[in-house]
Q: 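I have a structure I would like to understand better, so I am pasting it below and will then ask my questions one at a time.
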Amino acid sequence: MEQERRHRLEYHASSFTVKIVAKSGGLEKIVVNQVDGVFKCPLCGTSLTTKAGCRKHLKNNVCTTERDNNQNPPELTLPAVTLPQHQAVPPPPGPREQPETRTFDDAVLYSCGELHASAGEKRKTLGIVESLGLEPISIKDALGIEQNALAHAAVVSRLSAGPVELSPVVLRKRKRDEDETCPNCSPPPAPGLAHLLSCSPYAARLATRSYVELNDDICELLNRDWQFSPQLRYASAAILAGCVLINNRNGQAIMANTVESYGRQKTVDIHREPFVVQKGHPATTSLPPSIKTPYKKVWPVTLPTIEGKRLIIGTKSFDALITSSLRLDKVVEPSIGASTPSFVLSDTSSSLATKIFLDAEHLEIGLKMAKNKDTWSISSCDLLYQLRQVKTKFFDASTFYLCRASSFFADNHPCQPYTIFNLASFDQAHSGDGVAASNLFHDIACDVLRDGSQAVLKRETVQRLRGRCTNEGNISNEFDGILTLFGDKSSMPILGNRDLNKILENLAPQLSSYIAKANKSVNDYEAGRAMPHQQVLGKIERALGVKLRSKDIGLPLTFGKHKIS
């Protein structure tokens, strides 16, 4: 205890006093404070780790006091801050090291894909393996990651005698499944993802992707200031597109198929997340909390809103809204739109328990964007599908940022959520007031993306679309209001035009029902494309008179002599 007390006094004292002899001959009392874990000399700024070292430094007159200097103290000036011409972008992270060799039981369970099963299932598996006389084998793959297999005790003994050459034994007469993937093309799973990727209903498709867990370097990049790195509004969305979130508290997992990034501050994005005080209490936000989190200043959270429960990945510089997602741990309908009811982080402990794995291909694309300050979109194709789900502030240029990215699952436009800007492309809508209004927003977006601050809305465009509306209804009234704004002019500016913006803000909410209908078609398309096996299983159920459980979908099933993969 005495030794610990002395250590605290020597290394962790907040301050102490030293009397020194100045050059004038008098005694002077100097107060030394601890700053950032070190003792700073108040005379010359030298950093020392111990009180004894600092006392010695001062008493030896290594530095002088200000009163011994006959000159006036120098004027305090701030150093000029020059931003570097090029900020380094971290390389894509390599595979993480796995823990040491598994225990006997864990190796058996890993070999059988039961490592995360219930205690009862684990006991059953271990009992079956023991009754068959099987033992686990530890194998290091090309990346040094441990894999396990099972063999009879006698075979294991023979394999331990010398070098071993491994090769899979393929059942040649088995019909190849449409979703089956080549083992040579399937990358090893990231640590923490092996169980999900092996048991997911979409395991065959996910096996072709490579994932890496979010690390400190990428966290630092995602928190850089958009004002000085404007390309990050696009790079951040690209990096997070296709990421996998796993809540380790309940085992739920989700893929973020479409991600929209929104800047934190009004100076970089007029659609920033609002920070308000309601009844004396600040509203909940997606800002990373001031506690230790698994990922530095990156925080997954669910925020309740009028439109539903929004799943957001927040950083200090932006928040990423997930507008299309797919549950990976079981078969659930995709969530299309701003609300994600299928994956809810209900409290702080759920957010703390959530792991984030990035799609390696999207990460590489995002890192390339982060190096190029001329980046202005996610991709050169489907530009209107890169506009975010906004319905206000049409007078501001940031409303038309192309910073919405999609995963490999939802890269084609039929799989992406509709907005007021791309609703005109919905195939199942042919006429009506809603179609006319959607074409107006489509044309406005095209004009702004093409001409920037010089973009104008033409009277003839509005007249043509007004002619497609009925003579009664709110939408036709808004068109009449826009025509009144033209006066005797044939065109008017779009950006900076608050009068036009007021009418457009009244018009945009009236498209909500049309967007909901269009998004329902996206939901049906994604569900059918991602889960074609459900149709096959439905036929099997009807033919055999057997009701299959949802957890059985995607797993090998055997009925008599018939094996269904």
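The structure displayed is predicted, hence computed values, not measured ones. Throughout, residue positions are numbered sequentially from 1 according to the sequence presented.
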Q: Scan side-chain atoms only and decide if Ser407 and His362 contain a donor-acceptor pair under the 3.5 Å cut-off.
A: no
Q: Does any non-hydrogen side-chain atom of Phe357 lie less than 4.5 Å from one of Val212?
A: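 No - every pair of side-chain heavy atoms lies 4.5 Å or more apart.
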Q: Look at the rings of Phe421 and Phe400 and say which category their plane angle falls in: under 30° parallel, 30 to 60° tilted, over 60° perpendicular.
A: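 Because their plane-to-plane angle lies in the 30° to 60° range, the rings of Phe421 and Phe400 count as tilted.
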Q: Is the distance between the ring centroids of Tyr418 and Tyr514 under 6.0 Å?
A: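 Distance test on ring centres: not under 6.0 Å, no.
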Q: Using a 3.5 Å distance criterion without hydrogens, assess whether the side chain of Gln389 forms a donor-acceptor pair with backbone atoms of Thr323.
A: no
Q: Glu260 and salt bridge (Lys or Arg N to Asp or Glu O under 4.0 Å): which single residue from Arg388, Arg233, Arg404 fits?
A: Arg404
Q: Report yes or no: do Arg264 and Ser286 form a side-chain donor-acceptor pair below 3.5 Å?
A: yes
Q: Does the side chain of Asp433 come under 3.5 Å of the side chain of Ser476 through a donor N or O and an acceptor N or O?
A: no
Q: Could you tell me whether the side chain of Leu507 reaches within less than 4.5 Å of the side chain of Leu511, counting heavy atoms only?
A: no
Q: Looking at Lys391, I want to see if its NZ is surrounded by more than 12 non-hydrogen atoms of other residues, nucleotides or ligands under 6.0 Å.
A: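 Check passes, neighbour count above 12.
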Q: In terms of side-chain geometry, is the basic nitrogen of Arg464 or Glu460 positioned less than 4.0 Å from the acidic oxygen of its partner?
A: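 Judged by the 4.0 Å cut-off on N to carboxylate O distance, Arg464 and Glu460 do not form a salt bridge.
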Q: Within a 6.0 Å radius of atom CD on Gln463, are there more than 12 heavy atoms belonging to other residues, nucleotides or ligands?
A: yes
Q: Run the ring-ring contact (aromatic ring centres under 6.0 Å, His included) test against Tyr234 and tell me which residues pass, sequence neighbours left out.
A: none
Q: Do the side chains of Glu361 and Arg209 get close enough for a salt bridge, i.e. N-O under 4.0 angstrom?
A: yes
Q: What is the distance from atom NE2 of His195 to atom OG of Ser200, rounded to the nearest 0.5 Å?
A: 10.0 Å
Q: Say you draw a straight line from NZ of Lys355 to CD1 of Ile246; how long is it, rounded to the nearest 0.5 Å?
A: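 Going from the NZ atom of Lys355 to the CD1 atom of Ile246 covers 10.0 Å.
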Q: Mind checking the CG-NE2 spacing from Leu384 to His413? Nearest 0.5 Å is all I need.
A: 11.5 Å
Q: Run through Leu402, Asn422, Thr399 and flag the one making a side-chain contact (heavy atoms from CB on, under 4.5 Å) with Leu387.
A: Leu402
Q: If you measure from CD1 on Ile482 to CG on Asp499, what distance do you get to the nearest 0.5 Å?
A: 11.5 Å
Q: Between the side chain of Arg498 and the main-chain N/O of Phe395, is any donor-acceptor distance below 3.5 Å?
A: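 Here the side-chain-to-backbone pair does not exist.
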Q: If you measure only the distance, is there a donor-acceptor pair under 3.5 Å linking the side chains of Ser335 and Ser342?
A: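 There is such a pair between these side chains.
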Q: Going by atom types only, do Ser521 and Asp524 share a side-chain donor-acceptor pair under 3.5 Å?
A: no
Q: Salt bridge or not between Arg310 and Asp319? Use side-chain N to carboxylate O under 4.0 Å.
A: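 Salt bridge between Arg310 and Asp319, a charged N being under 4.0 Å from a carboxylate O: no.
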Q: Output the distance between atom CG (Leu326) and atom OG1 (Thr340), rounded to the nearest 0.5 Å.
A: 11.5 Å
Q: Taking C-beta and beyond as the side chain, do Tyr262 and Leu321 meet within less than 4.5 Å on heavy atoms?
A: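 Yes, side chains in contact.
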Q: Do Asn474 and Glu478 get their side chains close enough for a donor-acceptor pair, meaning under 3.5 Å?
A: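 Judged by distance alone, the side chains do not pair up.
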Q: Any sub-3.5 Å donor-acceptor pair from Arg272's side-chain atoms to Ile270's backbone N or O?
A: yes
Q: Does any pair with a residue in residues 293-330 pass ring pair (Phe, Tyr, Trp, His ring centres under 6.0 Å), and if so which ones, sequence neighbours excluded?
A: Trp226-Phe318
